[in-house]
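Below: the structure, in structure tokens.
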Number of protein chains: 2
Amino acid sequence: MELSRDPGAASGRVAAPTLHVRLTDADAIPFPTRTIERGDALYCAGEALRSLYTVQSGCFKTVATFPSSDDTNAPHTQVIGFHLPNETLGLDGVCTARHESDAVALETSVVRIMPVGILEPLCREYAAMQHELLAIMSAEIVRASRLALMLGTMPARERVAAFLLDFFERFDASAASSTEHATDVLLPMTRADIGSYLGLELETVSRMLSKLQREGAIGLNGRQVRMVDRAILAHN
Amino acid sequence: MELSRDPGAASGRVAAPTLHVRLTDADAIPFPTRTIERGDALYCAGEALRSLYTVQSGCFKTVATFPSSDDTNAPHTQVIGFHLPNETLGLDGVCTARHESDAVALETSVVRIMPVGILEPLCREYAAMQHELLAIMSAEIVRASRLALMLGTMPARERVAAFLLDFFERFDASAASSTEHATDVLLPMTRADIGSYLGLELETVSRMLSKLQREGAIGLNGRQVRMVDRAILAHN
DNA sequence: CGGCTATTTGAATCCATTCAAGGGGAGTGG
DNA sequence: CCACTCCCCTTGAATGGATTCAAATAGCCG
């Protein structure tokens, strides 16, 4: 009854287990799906938590809003996550039974809907499923902590580089097809989204991307990004 | 089998449920305790995850280390949490079965040790306990996301103010004794710790604290902080 | 009493923001 | 099909907030 295996996740990123990949039992359950158009919200902060969602295709951003200390000022708002296929949405709402953030589709996307009322009993029945849900939530804690670490310690250039490395890695992971690394990806989000996520202004993101291109780390054509030299990107 | 209640947590902070407060059944279980001296680590990043811990008394900081992109440079390191009595430590390790951060006692502290090998079966037996564990983990996700939001969007003064408000609130929550708000607290951490947590230099923290004192928001005497005017603190 | 660490405060520097302007691509309607 | 508009992106220049460097004070422990 040991907590977790996960040999491959030694030092680098945290593996992102998902309820439907690992648990073939769950695949037998007729969880419905839903299609969300680009720009539409899957859920909004404050709504009652009904389900957790697994991204089947497409991409989402989650946006957190902090009730500004000063009422007269605009509340602080920030993108706190991007979610690719096989990643789970809604975990932050379990504690209050209300969603704590907005989830907005960056392109037309499909999610699998897992009602929490079904999920919890299921987890009590199947040890593996319970363990997996706990692991997913833990991974989300680690992800959020890493974001905080990035925002707290890295200069702009490094943040953008780290974002790109992470995105390429997760893009590979979500494309279950080949074992190859993608060299080209099309970013589904705007510079403003990236900036919000990284705690930077969109101009700064644009500048750093341009700089990374000049340095020969990446190729750049609008939202199309080509990985040219991982070492340059990684090496500060 | 609805996910969570928690009437009081409408808009403000997230309630921090704890395994031993809510589950009287669990109190019957002879979970051992352990005393950690100031400066010593309860666990370190990379260690195998054996247990989760609930702070009984004292205070911890958790420190995350990011394997610096550039090997020649020092790795990025940051305090990503402070943990007061009744709060749970170790949740970030569930996903990889290894601790993802160091937990260091800021003063002599006592923790209750809950072996994960016991916890998981227990949660499958008791629905309330499973729900509670999920809620705790979810609250941790929200906490980490809030930290990221703070680091990504707030100027220095606001971060320090938010830190103080949060600390006072949690200090009250951890002192189960009275229903009164504490007006005086003794911060267990250094300015450097606070700065690391807030993504600021220790000098900046000191400056902002001084400024808040000049503005009449707080009284300050070393690590002794008196809450004078919450409104000033909250208003920008 | 020293020696140490923690804290405060000042002054100069720097990185990211802010303000501003121009280019480019997608979609719409004439 | 082209013109028009809207949004997104890029780049430059000036500003500003936080850092860095530096020095002095306060507090704690042996």
Side-chain angles (χ1 to χ4, degrees), chain A residues 37-39 61 73-74 76-79 104 106-108 150-164 185-215 218-226 236, chain B residues 37-39 59 61 73-74 76-79 104 106-108 150-164 186-215 218-226 236:
Chain A
E37 294 301 322
R38 171 186 174 171
K61 65 175 172 182
N73 276 348
H76 296 292
T77 195
Q78 183 180 7
V79 174
V104 178
L106 294 171
E107 53 192 82
T108 302
M150 187 158 77
L151 296 176
T153 65
M154 289 185 185
R157 199 210 111 121
E158 225 169 318
R159 293 188 205 181
V160 174
F163 166 76
L164 288 176
V185 300
L186 186 64
L187 299 178
M189 72 292 282
T190 68
R191 303 288 193 258
D193 284 332
I194 300 173
S196 172
Y197 178 67
L198 297 177
L200 302 169
E201 293 305 310
L202 67 93
E203 294 97 327
T204 306
V205 174
S206 181
R207 272 185 251 272
M208 294 306 145
L209 286 172
S210 298
K211 177 187 279 202
L212 290 172
Q213 186 180 31
R214 282 197 301 274
E215 294 172 358
I218 59 172
L220 198 56
N221 183 11
R223 296 192 182 179
Q224 189 81 38
V225 181
R226 169 167 308 187
N236 182 323
Chain B
E37 294 300 323
R38 171 186 173 174
C59 182
K61 65 175 172 182
N73 277 348
H76 297 293
T77 194
Q78 183 180 8
V79 174
V104 178
L106 293 172
E107 53 191 82
T108 301
M150 187 158 78
L151 296 176
T153 63
M154 291 185 184
R157 198 209 112 122
E158 224 170 320
R159 292 188 207 182
V160 174
F163 166 76
L164 288 176
L186 186 65
L187 299 178
M189 71 292 281
T190 67
R191 304 287 194 259
D193 284 332
I194 300 173
S196 173
Y197 178 68
L198 297 177
L200 302 170
E201 293 306 310
L202 67 95
E203 296 96 327
T204 307
V205 174
S206 179
R207 272 185 252 272
M208 294 306 146
L209 287 173
S210 299
K211 177 187 279 200
L212 290 172
Q213 186 181 29
R214 282 196 303 275
E215 294 172 357
I218 59 172
L220 198 57
N221 181 13
R223 295 192 184 181
Q224 191 80 37
V225 181
R226 169 169 308 188
N236 178 339

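Naming convention: chains lettered A, B, ... in sequence-line order (proteins, then strands); numbering from 1 in each chain.
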Expressed in angstrom and rounded to an integer, what is the separation of [X] atom [atom1] from [N] atom [atom2]?
X         : N       : atom1 : atom2 : answer
Gln213(A) : dT10(D) : CD    : C1'   : 11 Å
Leu186(B) : dC28(D) : CG    : P     : 10 Å
Glu158(B) : dA18(D) : CD    : C1'   : 15 Å
Lys211(B) : dT8(C)  : NZ    : C1'   : 15 Å
Gln224(A) : dC8(D)  : CD    : P     : 18 Å
Met189(B) : dT7(C)  : CE    : P     : 11 Å
Leu151(A) : dT17(C) : CG    : P     : 11 Å
Met154(A) : dT19(D) : CE    : P     : 17 Å

- Query: Hey, is the side chain of Arg191(A) pairing donor to acceptor with the base of dT11(D) inside 3.5 Å?
  - Reply: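 When only heavy-atom distances are counted, Arg191(A) does not reach the base of dT11(D) through any donor-acceptor pair under 3.5 Å.
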Minimal non-hydrogen separation, [X] against [Y], with atom names:
X         : Y         : result
Gln213(B) : Gly219(B) : NE2-C, 4.3 Å
Met154(A) : Ala162(A) : SD-CB, 4.4 Å
Pro188(A) : Glu107(A) : CB-OE1, 3.2 Å

Pairwise distance [atom1]([X]) to [atom2]([Y]) - rounded to 0.5 angstrom:
X         : Y         : atom1 : atom2 : answer
Thr204(B) : Leu198(B) : OG1   : CG    : 10.5 Å
Tyr197(A) : Lys61(A)  : OH    : NZ    : 14.0 Å
Leu209(B) : Leu164(B) : CG    : CG    : 6.0 Å

- Output all residues satisfying salt bridge (Lys or Arg N to Asp or Glu O under 4.0 Å) with Arg38(A), sequence neighbours left out; order by chain, then residue number.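 For Arg38(A) there are no salt bridge (Lys or Arg N to Asp or Glu O under 4.0 Å) partners, ignoring immediate neighbours.
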- Sequence-distant partners of Arg223(A), salt bridge (Lys or Arg N to Asp or Glu O under 4.0 Å), two or more places apart: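 Applying salt bridge (Lys or Arg N to Asp or Glu O under 4.0 Å) to Arg223(A) gives none.
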- Residue whose nearest DNA chain D nucleotide is more 5′ - Asn221(A) or Ala156(B):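 In this pair, the answer is Asn221(A).
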- Item | Any Thr190(B) side-chain N or O less than 4.0 Å from OP1/OP2 of dT5(C) |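 No, Thr190(B) has no side-chain N/O under 4.0 Å of OP1/OP2 on dT5(C).
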- Message: Please confirm whether the shortest side-chain N or O distance from Arg223(B) to OP1 or OP2 of dT7(C) is below 4.0 Å.
- Response: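 Yes, such a contact exists.
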- Message: Listing request: all salt bridge (charged side-chain N to carboxylate O under 4.0 Å, His left out) pairs with a residue in residues 198-210 of chain A, at least two apart in sequence or in separate chains.
- Response: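 Non-adjacent pairs meeting salt bridge (charged side-chain N to carboxylate O under 4.0 Å, His left out): zero.
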- Task: Go through dT7(C), dA11(C), dT11(D) for me and flag the one nearest to the Arg207(B) side chain.
- Result: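 Selected nucleotide: dA11(C).
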- Choosing from dT19(D), dT8(C), dT17(C), which nucleotide comes nearest the side chain of Ser206(B)?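 The nucleotide sitting nearest to the side chain is dT8(C).
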Restricting both atoms to N or O, compile the protein contacts to nucleotides 2-4 of chain C shorter than 3.5 Å, with distance only.
none

- So, Ser210(A) side chain and Ser206(A) main chain: donor-acceptor pair closer than 3.5 Å or not?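 Here the side-chain-to-backbone pair exists.
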- Message: Could you check whether any side-chain N or O of Arg191(A) sits under 3.5 Å from a backbone N or O of Leu202(A), counting only pairs where one atom can act as donor and the other as acceptor?
- Response: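 Between the backbone of Leu202(A) and the side chain of Arg191(A) there is no qualifying donor-acceptor contact (under 3.5 Å).
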- Query: Contacts to DNA chain C from residues 192-203 of chain B, heavy-atom cutoff under 4.0 Å, which residues?
  - Reply: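 Residues of residues 192-203 of chain B under 4.0 Å from DNA chain C: Leu202(B), Glu203(B).
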- Message: Under 4.0 Å, counting only non-hydrogen atoms across every strand here, what does Thr204(A) touch: a base, just sugar-phosphate, or nothing?
- Response: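 Since a base atom lies under 4.0 Å of Thr204(A), the category is base.
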- Query: Which angle, rounded to 10°, do you find between the first-five-pair axis and the last-five-pair axis of the helix from dC1(C)-dG30(D) to dG30(C)-dC1(D)?
  - Reply: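 Axis angle across the helix from dC1(C)-dG30(D) to dG30(C)-dC1(D), nearest 10°: 40°.
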- Message: Going by side chain to side chain contact (heavy atoms under 4.5 Å, CB included), Ile194(A) matches just one of Val160(A), Leu187(A), Leu200(A). Which one?
- Response: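 Of all the options given, the one that passes is Leu187(A).
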